[in-house]
Amino acid sequence: QEAGALPIYFQGKELPLLGFGTMRLPLISGENGAPVDEHQVDAMVDYAMAHGVNYFDTAYPYHGGKSELIIGKSLSRYPREKFYLATKYPGHQISSAYNPAEVFEDQLKKCRVEYFDFYLLHNVYEKSMGTYMDPKWGIIDYFAQQKRLGRIRHLGFSSHGGVDNLREFLDARGELMEFCQIQLNYMDWTLQNAREKYQLLTERNIPVWVMEPVRGGRLAHLTKEDKEKLGSFRPDESEAAWAFRFLQGLPNVKMVLSGMSNMEQMEDNVKTFREEKPLSEEESRALMEIAEGMKNSVPCTACRYCCDGCPKGLDIPMLLATYNEVRFLPAMNARMRIDALPEEKRPAACIACGKCSQICPQGINIPKELKDFAAALKSIPSWEEICRQRDAAKAALAGKEK
């Protein structure tokens, strides 16, 4: 592999330890809902391929169903044997019926391939377990057959479920699963029991694929104090690199997927994965201390699963990210951002229907968080109020001078 792609070995295949996740592709305007910048995607794919990062992960619902189309088009510029492509069956999405054959054939066409190197059951968790296990839909048996036919080279699953749910699924159909993709990072090591999930999969001899290694970017934006603490150990490491170094100390991690949104992130990640630099015991303790200090934040990863069914059309990840800013940073900028929204798009507009929480992989009680955020905003003066107070103070001072 070229420099920037630490190799790992999986069933005789040499894979890069770093994979390109395509849930957060670059957007033309940088705003949610904007078209994907396909020229930048091509440039990032070219950079990845030139540096040995030839594993690409997509899924049926990413970018409103367009991620598979875009990454398939970009990769079609390369010989098929030069890259590994992974996608997922959306059995976690609430539907009145499930047709794995129809979806699978559509995915092959969208991605412009005749087979998938890696195929996953998307998010087998407590609420989707029944769908995946229901013989009426025959989902798992269908994909096992596609593997026998060579249209899937390796079959696995992703999961945001709890440890008990993960164990239950492994007991039921684990013999068919060759790998498992879980949310794993130094914050969720304890917050979401990722340590227990990792240990369970390791005991079952199932290689671990990692999603959300920097928690949707949260671990790449630390406080000044936390950055200084880590910088005292490794001044040249980026914030994101620390999250990846943590994972390099876990031998059963065989793939780390990063949802890179611009070339800067791509270049930084490739630089990090040029060599293996696992953490020392002292560095690990410092990282765990930082993780403990972050646990008061709302654990949103901006996957946007919650947005599709919101009857008010709220940009929930943006609102929750802004709420976290209020908790960690001076709140004025956050208040200005919310004041710039129409009233019907602010946190107070939430009608608490609960649809968002039902599909949230992180199990966040979103209506409660938005209600709390709306209450917190009341204690933060608006920019208009600050300006009025400033003008009143100036007028009072001018009166005294007279």
Side-chain angles (χ1 to χ4, degrees), residues 11 21-23 56-69 71-72 84-111 113-183 197 200-201 204 206-209 211 255 257 303 305 308-309 355 358-361 363:
Q11 296 190 20
T22 65
M23 188 173 77
F56 300 85
D57 171 89
T58 184
Y60 198 66
Y62 290 174
H63 283 283
K66 294 180 180 178
S67 176
E68 290 175 327
L69 284 168
I71 201 64
Y84 298 104
L85 182 59
T87 193
K88 312 172 186 73
Y89 178 73
H92 66 301
Q93 294 189 323
I94 299 172
S95 177
S96 59
Y98 299 87
N99 190 331
E102 181 180 11
V103 170
F104 186 69
E105 297 297 338
D106 187 34
Q107 289 176 306
L108 290 169
K109 291 178 183 177
K110 289 168 69 178
C111 292
V113 294
E114 295 182 354
Y115 66 91
F116 290 110
D117 301 279
F118 296 85
Y119 197 88
L120 299 86
L121 309 177
H122 201 164
N123 193 12
V124 179
Y125 75 119
E126 288 80 0
K127 293 180 180 178
S128 66
M129 181 86 158
T131 297
Y132 282 116
M133 299 295 291
D134 194 334
K136 176 172 59 178
W137 309 123
I139 296 171
I140 297 176
D141 291 338
Y142 173 79
F143 290 118
Q145 180 187 35
Q146 297 312 302
K147 183 189 171 188
R148 289 193 293 271
L149 294 173
R151 303 175 85 199
I152 292 173
R153 301 299 165 83
H154 301 286
L155 181 63
F157 70 108
S158 67
S159 176
H160 286 280
V163 177
D164 290 341
N165 172 257
L166 182 60
R167 183 179 293 106
E168 181 183 0
F169 182 70
L170 291 174
D171 288 343
R173 304 306 300 265
E175 79 283 356
L176 295 175
M177 301 294 115
E178 299 174 79
F179 63 102
C180 177
Q181 191 164 301
I182 60 172
Q183 182 169 315
K197 297 174 189 177
L200 173 61
L201 292 166
R204 300 291 181 98
I206 295 180
V208 172
W209 263 230
M211 55 182 162
M255 175 60 60
L257 299 169
C303 69
Y305 291 173
D308 292 340
K355 291 183 179 179
Q358 292 176 13
I359 200 169
C360 176

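Counting from 1, the numbers follow the sequence of the chain as shown.
With contacts defined as side-chain heavy-atom distances shorter than 4.5 Å, the pair M177/L121 qualifies.
Taking the six-membered ring where the residue is Trp, W209 and F179 present tilted rings, their angle falling between 30° and 60°. Between F143 and Y89, the ring planes are tilted. Angles from 30° to 60° get that label. Between H92 and Y305, the ring-plane angle classifies as tilted under the 30° and 60° cut-offs.
Under a 3.5 Å cut-off, the side chain of N123 and the backbone N or O of S158 do not form any donor-acceptor pair. A donor-acceptor pair under 3.5 Å is formed between the side chain of S67 and the backbone N or O of T22. Although no hydrogens or angles enter the test, the distance criterion places no donor-acceptor pair under 3.5 Å between the side chain of S159 and the main chain of Y125.
With rounding to the nearest 0.5 angstrom, the CD atom of Q183 is 12.5 Å from the CG atom of L257. Expressed to the nearest 0.5 Å, how far NZ of K127 lies from CE of M129 amounts to 15.5 Å. Atoms CG and CG, from L120 and D57 in turn, are 7.0 Å apart once rounded to the nearest 0.5 Å. Note that OH of Y98 and CD1 of I139 are 7.5 Å apart. Values are rounded to the nearest 0.5 Å. C303 contributes atom SG, which lies 6.5 Å from atom NE2 of H160 (distance to the nearest 0.5 angstrom). A distance of 11.5 Å separates CG of L170 from CG of L176, quoted to the nearest 0.5 Å.
The number of heavy atoms from other shown groups lying within 6.0 Å of NZ (K147) is above 12.
One finds no salt bridge joining K109 and D106 here, because no Lys/Arg side-chain nitrogen approaches an Asp/Glu carboxylate oxygen to under 4.0 Å. Salt bridge R204/D171: present, at least one basic N to carboxylate O contact under 4.0 Å.
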Open item on the list: Is there a side chain to side chain donor-acceptor pair (under 3.5 Å) between Q107 and Y119? Walk through the geometry before answering.
Closed with: CA-CA 11 Å; Q107 289 176 306; Y119 197 88; 2.5 Å; yes

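The two residues E114 and L108 make their nearest non-hydrogen contact at C-CD2, 3.9 Å.
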